[in-house]
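For clarity, every value in this text was computed on a predicted model and none was experimentally measured. The figures here come from the full heavy-atom set of this structure, side chains too, leaving out hydrogens, waters and symmetry mates.
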Amino acid sequence: MTDLAVYTGLFASAFLAATIFPAQSEAGLAYLVAMGEQPVGLLVLVASIGNTAGAVVNWYLGRQLGRFSGRRWFPVNKVRFAAATSWYQKYGYWSLLASWVPIIGDPITLVAGFFRAPLWSFVVIVGLAKTARYLVVVLMTWPFI
């Protein structure tokens, strides 16, 4: 597989994993790290950028939530949205540090858009949280290399 295909696939899986669609990217990153054919730093960078970009899609959807939330195709249910709203209202911007957490992370990024969190601070906090998660994946994979 070419490097372009590897990085494109990793970016796409990380992007989808950060949106409201069910997906994950950690296993793919761990596999690529274990294979040792690409620089680990570049793999983490590509995955982090893709995952953060997917979270920006959620942020945008959150800004538009009032118009789309009642639609049948909108995949965030009221219970998850209410839990994420409570979390965001309690912890504010810092709740975005939990944007990497399964189940609650994606709704938190939606809620941040809904509450009109500034995009620049959103990208910085979410980018740091998602990069930290990928670094943990790399560290957990390292002993198996």
Side-chain angles (χ1 to χ4, degrees), residues 4-35 38-145:
L4 180 60
V6 167
Y7 296 126
T8 302
L10 180 60
F11 181 90
S13 70
F15 181 90
L16 282 175
T19 65
I20 53 182
F21 298 108
Q24 67 86 29
S25 58
E26 293 82 5
L29 175 63
Y31 173 78
L32 292 171
V33 168
M35 291 301 295
Q38 285 82 23
V40 173
L42 190 53
L43 291 171
V44 169
L45 179 66
V46 168
S48 298
I49 290 171
N51 211 240
T52 302
V56 169
V57 169
N58 285 352
W59 175 88
Y60 177 76
L61 288 173
R63 292 195 57 126
Q64 306 301 318
L65 193 62
R67 295 187 346 206
F68 297 119
S69 63
R71 306 248 170 116
R72 191 174 46 138
W73 54 263
F74 199 74
V76 177
N77 66 40
K78 292 178 183 180
V79 174
R80 284 180 66 190
F81 185 75
T85 299
S86 174
W87 183 279
Y88 191 81
Q89 287 176 330
K90 184 174 182 179
Y91 298 107
Y93 290 142
W94 299 114
S95 66
L96 292 171
L97 290 172
S99 62
W100 66 271
V101 176
I103 299 172
I104 66 164
D106 298 340
I108 287 172
T109 60
L110 269 164
V111 170
F114 182 77
F115 285 114
R116 308 243 186 253
L119 183 58
W120 69 270
S121 59
F122 174 89
V123 168
V124 169
I125 295 170
V126 169
L128 288 172
K130 291 178 178 283
T131 300
R133 183 215 30 235
Y134 285 129
L135 290 173
V136 169
V137 169
V138 167
L139 291 174
M140 290 174 64
T141 305
W142 214 266
F144 300 106
I145 296 176

Novice: Hey, what do you get for OH (Tyr93) to CZ (Phe115), rounding to the nearest 0.5 Å?
Specialist: 12.0 Å
Novice: Under a 4.5 Å cut-off applied to non-hydrogen side-chain atoms, are Tyr60 and Leu119 in contact?
Specialist: no
Novice: Can you give me the closest heavy-atom contact between Ala18 and Asp106, atom names plus distance?
Specialist: O-OD1, 3.2 Å
Novice: Is any side-chain heavy atom of Gln38 less than 4.5 Å from a side-chain heavy atom of Leu10?
Specialist: no
Novice: Does any non-hydrogen side-chain atom of Asn58 lie less than 4.5 Å from one of Thr19?
Specialist: yes
Novice: Tell me the closest heavy-atom pair linking Ser48 and Thr131, and the distance in Å.
Specialist: OG-OG1, 3.1 Å
Novice: Search all heavy atoms of Ser121 against all heavy atoms of Pro118 and return the closest pair with its distance.
Specialist: OG-O, 3.1 Å
Novice: Can you measure from CG (Leu43) to OH (Tyr7) and round to the nearest 0.5 angstrom?
Specialist: 5.0 Å
Novice: Kindly check if the number of other-residue, nucleotide or ligand heavy atoms within 6.0 Å of CG (Leu139) is above 12?
Specialist: yes
Novice: With rounding to the nearest 0.5 angstrom, report the CG to CG distance, Leu135 to Leu128.
Specialist: 10.5 Å
Novice: Are Trp59 and Val126 packed together at the side-chain level, in the sense that at least one heavy-atom pair is separated by less than 4.5 angstrom?
Specialist: no
Novice: For Trp100, I'd like to know if atom CH2 has over 12 heavy atoms of other residues, nucleotides or ligands within 6.0 Å.
Specialist: no
Novice: Could you measure the distance from the CD atom of Glu26 to the OG1 atom of Thr141? Nearest 0.5 Å is fine.
Specialist: 10.0 Å
Novice: Quick one: does Val33's side chain get under 4.5 Å of Leu29's, heavy atoms only?
Specialist: yes
Novice: Quick one: pull up OH in Tyr91 and CD1 in Ile108 and give me the separation to the nearest 0.5 Å.
Specialist: 10.0 Å
Novice: If every non-hydrogen atom of Ser25 is compared with every non-hydrogen atom of Tyr134, which pair is closest and at what distance?
Specialist: OG-OH, 2.5 Å
Novice: State, yes or no, whether a side-chain contact exists between Ser99 and Lys130 at a heavy-atom distance under 4.5 Å.
Specialist: yes
Novice: Looking at every heavy atom in both Asn51 and Ala17, which two are closest together, and how far apart are they?
Specialist: ND2-CB, 4.0 Å
